[in-house]
Amino acid sequence: MNRVRLGYACINLSLGSSGRTSRTSRLSNATPQHLEELSRANLVGLSEVLRWSVSHKIMVFRISSGIIPLASHPKAQWAWKQRLRREISSVGNFARKHGMRLSMHPGQYTVLNSPREDVVAAAAAELSYHAIFLDAMGLSSEHKIVLHVGGVYDDREASLRRFRENFENLPANIQRRLVLENDERNYGVYDVLNLCDSLGIPMVFDYLHHRAYASCGLNSAVMERVFQTWSGHDGRPELHYSTQKLGARTGAHADMIDADDFLHFISLLPRRAVDVMLEAKAKDKALLKLRLDLRGRYGLW
DNA sequence: TCTGGTCAAGGTGGT
DNA sequence: ACCACCTTGACCAGA
C-alpha cells in the first residue's frame with residue numbers, strides 16, 4: 001500500500017471531451033429538462049474520468065461542484081436526486097469497488113460564517129447538495145466536503161463564533177463530511193486548527209495557501225497537529241499541494257509540481273498514510289509527470 | 001466556426 | 001462608491 005496517494009481536482013486533460021464533468025447553464029435558460037440533460041452528460045463524463053483514473057492507478061479525485069449544474073439555486077430546482085438516483089449510485093459503486101477516495105470543494109461563494117442570514121442559508125443549501133450527492137453515491141464519511149472558514153468582517157472572534165454556531169445548526173449528514181482548509185488571507189493554519197479542534201472535525205492543510213499566508217514557517221509539529229484532527233472514521237488525512245507559479249501573484253498555481261519541493265514537504269509529515277490532492281493547472285498531466293519524476297528515487301511509487 | 005463578453009453566488013482590498 | 005480579483009471554465013450571441 002502506498003503511504004502517499006496522489007489525486008487531482010475536477011478536470012481531466014488526458015481524456016478529450018468525453019471526460020467533461022461540469023457542463024453548465026445560464027440561469028436564463030435553465031429549464032429542468034435542460035439541467036437534467038447536462039447532469040446526465042456530466043455523470044457519464046465522471047464515470048469516464050473515474051475509469052481513466054483507476055486505469056492509471058490514481059485513486060484520489062475531487063468531483064467538480066458543477067456536476068449537477070445550479071443544484072442549490074432556488075430558481076432552478078428540480079428533483080435531481082430522484083431522477084438521477086440510479087446513475088449517481090452506479091458511479092458511486094464503481095468508486096467503492098475500486099477503493100477510490102473522493103471529495104468535493106464548494107467555491108468561494110459558499111460562506112457559512114457570513115453575518116447575512118440569506119448568505120448562510122445559501123451556503124447551507126449548497127453544502128446540503130454536496131452531502132446529498134456523496135450520500136447518493138453510497139460513499140462513507142471518509143469522502144469529504146472541503147470548505148474555507150469564510151470572511152473576517154473586521155472581527156475575527158465574532159466571525160469564528162458565528163462559524164461554530166452555524167456549523168452546529170447543520171444537519172448531521174453535512175457535519176460528518178465537513179473539513180476545513182486554511183486560506184491564504186483570512187484564516188491561517190493555527191486559526192483553522194483551533195477551530196477544527198473545537199468542532200471535532202478534520203483540517204485539510206493547504207501548502208501553497210500556508211506559504212502565501214506568510215508569518216509562520218512550516219514544521220513537523222504543525223503537521224502532527226493537523227494529522228491528529230483526522231480520526232478513524234475520517235480516513236487518511238487529506239492535504240492540498242501545489243507549486244507557486246513563477247512571476248505570478250503569490251498563491252497562483254503553477255502548471256506542474258516541483259518534485260524536489262514536494263519531497264521536502266513529504267519529509268515533514270508524520271509517517272502515516274496520507275492523500276495529497278495536487279492543485280496544479282495541468283491537472284492529471286501534472287500528477288503523471290510528478291510520479292514519473294519521483295519513480296525509483298524514493299520508492300514511493 | 002470562431003471570438004469576446006458574460007455568467008448564481010461573497011468578501012477583500014485598492015482607487 | 002466602485003471595481004478588479006479570486007477559481008475557472010463554459011456558455012452564448014454575434015461576426
Side-chain angles (χ1 to χ4, degrees), chain A residues 8-13 15-32 34-35 37-39 41-42 45-46 49 62-78 80 103-130 145-156 158-160 162-163 166 181-188 191 204 206-209 211-214 240-245 248-255 277-286:
Chain A
Y8 65 109
C10 302
I11 293 168
N12 182 298
L13 297 178
L15 286 166
S17 56
S18 65
R20 287 176 65 204
T21 64
S22 57
R23 293 168 188 81
T24 186
S25 159
R26 302 282 169 89
L27 196 51
S28 58
N29 48 12
T31 63
H34 185 47
L35 292 172
E37 284 167 20
L38 294 170
S39 299
N42 286 344
L46 179 61
V49 169
R62 178 191 303 161
I63 299 171
S64 166
S65 294
I67 186 83
I68 309 291
L70 304 176
S72 73
H73 198 287
K75 291 181 181 147
Q77 288 307 293
W78 58 291
W80 61 267
S103 61
M104 298 182 82
H105 189 2
Q108 76 253 51
Y109 299 108
T110 304
V111 185
L112 192 58
N113 78 338
S114 174
R116 285 173 50 187
E117 246 178 66
D118 58 327
V119 173
V120 175
E126 180 72 356
L127 292 173
S128 177
Y129 144 58
H130 284 74
I145 300 168
V146 182
L147 189 69
H148 290 291
V149 180
V152 175
Y153 314 95
D154 293 322
D155 189 342
R156 311 177 69 72
S159 300
L160 285 163
R162 222 168 25 244
F163 188 96
N166 294 340
E181 176 186 347
N182 57 305
D183 63 65
E184 61 184 51
R185 173 170 294 169
N186 297 335
Y187 296 98
D191 298 317
V204 167
D206 186 295
Y207 172 81
L208 195 63
H209 288 162
R211 286 185 41 162
Y213 194 82
H240 291 179
Y241 186 91
S242 49
T243 295
Q244 170 69 41
K245 184 180 175 74
R249 144 200 96 75
T250 301
H253 300 301
D255 290 351
M277 178 66 66
L278 301 177
E279 295 181 320
K281 301 263 280 184
K283 303 291 178 181
D284 51 306
K285 298 196 174 194

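These numbers come from the heavy atoms of this one structure, side chains and all, not from hydrogens, waters or symmetry mates. What you see is a predicted model, and the numbers here were worked out from it, not measured in a lab.
Atom NZ of A/Lys281 is separated from atom C1' of C/dT8 by 7 Å (rounded to the nearest Å). For the pair A/Arg26 CZ and C/dG9 P, the interatomic distance rounds to 16 Å; values are reported in whole Å. Rounded to a whole Å, the NE2 atom of A/His240 is 13 Å from the C1' atom of C/dT7. Rounded to whole Å, the distance from CG on A/Asp183 to P on C/dT7 is 12 Å. Separating the CD1 atom of A/Ile11 from the C1' atom of C/dA10 is a distance of 10 Å, rounded to the nearest angstrom. Per the geometry, CG belonging to A/Asn186 stands 15 Å off P belonging to C/dC6, to the nearest Å. Rounded to an integer number of Å, the gap from A/His105 NE2 to C/dT7 C1' is 9 Å. Between A/Leu208 atom CG and C/dT7 atom P the separation is 9 Å, expressed in whole Å.
Under a 4.0 Å N-O distance rule, the pair A/Asp191/A/Arg156 qualifies as a salt bridge. In summary, A/Glu279 and A/Arg62 engage in a salt bridge, as defined by a charged side-chain N under 4.0 Å from a carboxylate O.
Mapping A/Gly107 and A/Arg20 onto DNA chain C by nearest heavy atom places A/Gly107 at the nucleotide closer to the 5' end.
Counting any heavy atom pair closer than 4.0 Å across all strands shown, A/Leu70 reaches a base atom. Within 4.0 Å of A/Thr110, counting heavy atoms only, lies no atom of the nucleic acid at all.
Using atom C1' as the reference point in both B/dT3 and C/dT7, the two lie 22 Å apart (nearest Å). Distance noted for atom C1' between C/dT8 and B/dG5: 16 Å (whole Å). Atom name P, nucleotides B/dG10 and C/dC11: the rounded distance is 23 Å, in whole Å.
An OP1 or OP2 oxygen of C/dT7 is reached within less than 4.0 angstrom by a side-chain nitrogen or oxygen of A/Arg249.
Across all strands shown, the partner of B/dG5 is C/dC11, judged by Watson-Crick or G-U wobble contacts whose two distances both fall under 3.5 Å. Pair assignment for B/dG10 gives C/dC6, based on Watson-Crick or G-U wobble hydrogen-bonding distances that are each under 3.5 Å.
For DNA chain B, the contact window with chain A, defined by any atom under 4.0 Å from a protein heavy atom, covers B/dG5 to B/dG13 in 5' to 3' order.
The distance from atom CG of A/Asn113 to atom OG of A/Ser159, rounded to the nearest 0.5 Å, is 5.5 Å. Considering CG of A/Leu15 and CG of A/Asp284, their distance stands at 7.5 Å, rounded to 0.5 Å.
Side-chain atoms of A/Asn186 come within 3.5 Å of backbone atoms of A/Gly150 as a donor-acceptor pair (strictly under, hydrogens ignored).
Two rings, from A/His148 and A/His105, have their centers less than 6.0 Å apart.
Ring planes of A/His209 and A/His253: tilted class, angle from 30 to 60°.
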